[in-house]
Amino acid sequence: MSAAAGTPAEGGGDRPWQSYHTAYTNAKAGMEGVDKEKVQKVIYEMSKGSKYFENEQRKEALTKQKIEYLRAQCATLTDNDISHFQKVAEKKMLELEASRDLSKIWLHTDMDAFYAAVETLEDPSLKGKPLAVGSMSMIATASYEARKFGVRAAMPGFIGCKLCPGLVFVRPNFERYTHYSELTRKVFQRYDPNFIATSLDEAYLNITNVCIERGITGEEVATELRAAIHQETGLTCSAGVAPNRMIAKVCSDINKPNGQFILPNDREAVLTFVSTLPIRKIGGIGKVTEQMLRQVLGISTCQEMLQKAAFLCALFSEGSADFFLSVGLGLGGTETPEQRQRKSISCERTFTATSDSSLLFDKLANLAENLTDDLQKEGLKGKTLTLKLKTADFEVRTRAVTTRGYINSKEDILIYATKLLKAEMPLSLRLMGLRMSQLHDEKDDSSTSTQKTLDIFFRSSGNDLNVNGANVQSSTNTSGQDISPISVTTKDEYLVHDAGTSASTDQQDFFVHDESIFIPEQRNLVSYSNEAVLSNPVIDDALGEAKLDDVTPSAKVMNAEKFDDVCQLTSHEATASSSKPGQQLWIDDYVCSICGFELPPGFEEERQEHSDFHLAESLQHEETVDSKRPISNERLAERSCSTTPTPKKKLKSSKEGKHIPIDAFFAKCNKNL
DNA sequence: TACATACAC
DNA sequence: GATGGTGTATGTA
């Protein structure tokens, strides 16, 4: 195998710090004169032995395994394989080359040490001092003075202190940063009304029209724009100008701070530029990808992507290979993308590790509340709730559940979140997070709040206890069947709706991520009308089903166990049961003995409502004395909860060659034979 | 769909 | 003594 000319495994032995790579190992602008070896040593010494460090070691070991695996795959390639992939790669490169568009001029701007610069502007006494915006745990931004000592963003503050004993710390103040960010965006808007803001301090501008209309060069636009930003904010920024966004971003980093770099719209210039460019400079190529490409294929510059094109096509997925080859050709991002919708919304918090379950449930409730606030502020509901856990050992797990309907109330979120968390207990955690995805706009949804739903139910119980009672209209589905209100579910999973412009609301007390693509022209996209969602899905799914099903309470008690089986949660002994309405018992202080519905301790109000529900149900039962359908609490469980089983620790060490490209190759080879 | 990973800032 | 929060994309099962 000729191409697997990876460098020998570095580090280990007498210089263990050399092999400890962190997110902040690679140099940032302003760190040119830094004694990297010394910094590495300090980072290593201060990290060594910590749980964080040990987790990093585990992750590195996995990366090494991946690298070994790819090397092995590489070694199996025959000359025939290689020539086949060479052809594949050449075809791809021709196609990519044909797509090259040199008619656009893109400008990328990046504020210089943004948070630190804003703080210095607000408090001039900080000027000239090594400054870290952040805390002892984490630095968000380091001033250029601090960078000279090796201090940088994403580094924990205590390591920064060690590297730079006089380091001054300032707590982040996101309202300030947002204010200054808005000032910069006013300037951007004048040059490109459709500019793309990727964070508070970075943006892409398509300046093609400005250049044409005013008959000026990209360089002149950059100079003028940077001057305007300085004029209007008092802050400096750097800019890169190039025929596409990928290159423009790299260019803005070249003469940082307070500088600019222009790459002409010329194919040769682009290829020359890319020929020596380290792959790590490219957005999307991080620590792991860099290591893989270097250690498996000996690739360290973009141009080498082209030399090793056949191997890239052989070893990686089509998407990855396309990306790598584009990088080698210096292509990427010439059209303004469609405004993208937010896909998820989340909230997570780190705290002192604890295994105290009541503390953990409290924290979960806080998260649910925060998430609800954020969802409601944006008028969003979601279907998939993901619980993120980070153990005291820094191991990260995520557990998700998809509900049948869209939810966004604290109560609903907490019911599912609690279920997910309970299934993982006991464990010691240092972080919990909740994320809602599969979102849609609340205003497109006719569903109402939990309370309202219960109101409707109770009103209906009072008047007409028939399942098709007056308060809940019967509806007809597409196949013309009469369907019960309870089973009416929304069918708008792929609803398209207007996202609007989003001014970032930086509520967090630390880092902020402003993902909004700022497109001031609000466009109303088509939104497909959804079928009516009559009421709160959680209640519909869990309680409503029970309302339809007609069974004796004792049968329900028996099924409470199955509920747990289906959800694969801790099994509860349904020993405590009551067939009398109003005397409902909570098994394990948690599960409703009648229907298996779970409500954690502390939800006394909700429990009361739930008990009331069964009371009403029981009354209804007395009125409609038919027992047509035996209850299916399994169905109830399936409907309300699709929680996945507890972690199956899969060891991804299956040495069986399952890598798609390789398999695909053999499939193709067989066809070709 | 669920989960893990990688990445950006 | 101590290593973040928000969001996207992708691969895999």
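A quick note: this is a predicted structure, and the numbers were derived from the prediction, not measured. Quick note on labels: first sequence line is chain A, next is B, and so on, each numbered from 1.
In this structure, the nucleotide among C:dT6, B:dT5, C:dG4 sitting nearest to the side chain of A:Lys388 is C:dT6. Residue A:Arg435 has its side chain nearest to C:dG7 when only B:dC7, C:dG7, C:dG5 are considered. Here the nucleotide nearest the side chain of A:Ser344, chosen from C:dG7, B:dC7, B:dA4, is C:dG7. Taking the side chain of A:Arg280 as heavy atoms from C-beta on, and the options C:dA2, C:dG5, B:dA8, the nearest nucleotide is B:dA8. In this structure, the nucleotide among B:dA8, C:dA9, C:dG11 sitting nearest to the side chain of A:Lys343 is C:dA9. Comparing B:dA6, C:dA2, B:dT1 by their nearest atom to the side chain of A:Thr63 picks out B:dA6. The A:Lys249 side chain lies nearest to B:dA8 when the options are B:dA8, C:dT8, B:dC7. With distances taken from any side-chain atom of A:Glu202 to the nucleotides C:dT8, B:dA8, B:dC9, the minimum falls on B:dC9. Comparing B:dC9, C:dT8, B:dA2 against the side chain of A:Ala400 picks out B:dA2 as the nearest.
For the residue pair A:Asp201/A:Ser181, the side-chain donor-acceptor check at 3.5 Å is not satisfied. Using modelled atom types and a 3.5 Å distance limit, the side chains of A:Gln73 and A:Tyr69 yield a donor-acceptor pair.
Considering only side-chain N and O atoms, A:Ser320 lies nowhere under 4.0 angstrom from the phosphate OP1 or OP2 of C:dT10. Applying the 4.0 Å criterion to OP1 and OP2 of C:dG7, one finds that A:Arg340 has every side-chain N and O outside that range. At the phosphate of C:dT8, neither OP1 nor OP2 sits under 4.0 Å from any side-chain N or O atom of A:Gln341. Within the structure, every side-chain polar atom (N or O) of A:Ser199 is placed at least 4.0 Å from both OP1 and OP2 of B:dA8. At the phosphate of B:dA4, OP1 or OP2 sits under 4.0 Å from a side-chain N or O atom of A:Thr398. Distances shown here put every side-chain N or O of A:Ser317 at or beyond 4.0 Å from the OP1 or OP2 atom of C:dT10. A close approach under 4.0 Å does occur between a side-chain nitrogen or oxygen of A:Ser346 and OP1 or OP2 of C:dG7.
Contacts of A:Lys66 with the nucleic acid, taken as non-hydrogen atoms under 4.0 Å apart, involve only primed sugar atoms and P, OP1 or OP2. Residue A:Tyr24 is classed as a base contact, given a heavy-atom separation below 4.0 Å to a base. If you check every strand for non-hydrogen atoms under 4.0 Å, A:Lys390 touches sugar and phosphate atoms only. Contact annotation for A:Ile282: backbone-only contact, meaning every heavy-atom pair under 4.0 Å involves sugar-phosphate atoms and none involves a base. Within the 4.0 angstrom heavy-atom criterion, only backbone atoms of the sugar-phosphate kind lie near A:Thr384; the bases stay farther away. Heavy atoms of A:Lys51 sit nowhere under 4.0 angstrom from any nucleic acid atom.
In this entry the distance linking CD1 of A:Ile139 with P of B:dC9 reads 18 Å, nearest Å. Rounded to a whole Å, the CD atom of A:Glu424 is 12 Å from the C1' atom of B:dC3. B:dA8 atom C1' lies 14 Å from atom CG of A:Leu200, rounded to whole Å. Atom CD of A:Gln438 and atom P of B:dC3 are 14 Å apart (whole Å). If you measure from atom CG of A:Asp201 to atom C1' of B:dC9, you get 8 Å, rounded to the nearest angstrom. The distance from atom CG of A:Leu387 to atom P of C:dT6 is 14 Å, rounded to the nearest whole Å. In this structure, the CD atom of A:Gln65 is 17 Å from the P atom of B:dA4, given to the nearest Å. Atom P of nucleotide C:dG1 and atom CZ of A:Phe53 are separated by 18 Å, given to the nearest angstrom.
A:Arg185 forms no cation-pi arrangement with A:Phe188, by the criterion of a distance under 6.0 Å to the ring centre and an angle within 45° of the ring axis.
A salt bridge links A:Arg342 with A:Glu378: at least one charged nitrogen is closer than 4.0 Å to a carboxylate oxygen. Taking a cutoff of 4.0 Å between a charged side-chain nitrogen and a carboxylate oxygen, A:Asp374 and A:Lys377 qualify as a salt bridge. Using a 4.0 Å cut-off between charged nitrogen and carboxylate oxygen, A:Glu395 and A:Arg397 count as a salt-bridge pair.
Heavy-atom distances to DNA chain B give each of A:Val396 and A:Ile285 a nearest nucleotide, and the one nearer the 5′ end belongs to A:Val396. Along DNA chain C, the nucleotide nearest to A:Leu431 and the one nearest to A:Gly319 differ in position, and the one closer to the 5' end is contacted by A:Leu431.
Scanning atom types as modelled, no donor and acceptor separated by under 3.5 angstrom connect the side chain of A:Arg349 and the base of C:dG4.
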Going through the distances and angles, do A:Ser135 and A:Arg171 end up as a side chain to side chain contact (heavy atoms under 4.5 Å, CB included)?
CA-CA 7 Å; A:Ser135 70; A:Arg171 286 280 173 179; 3.6 Å; yes
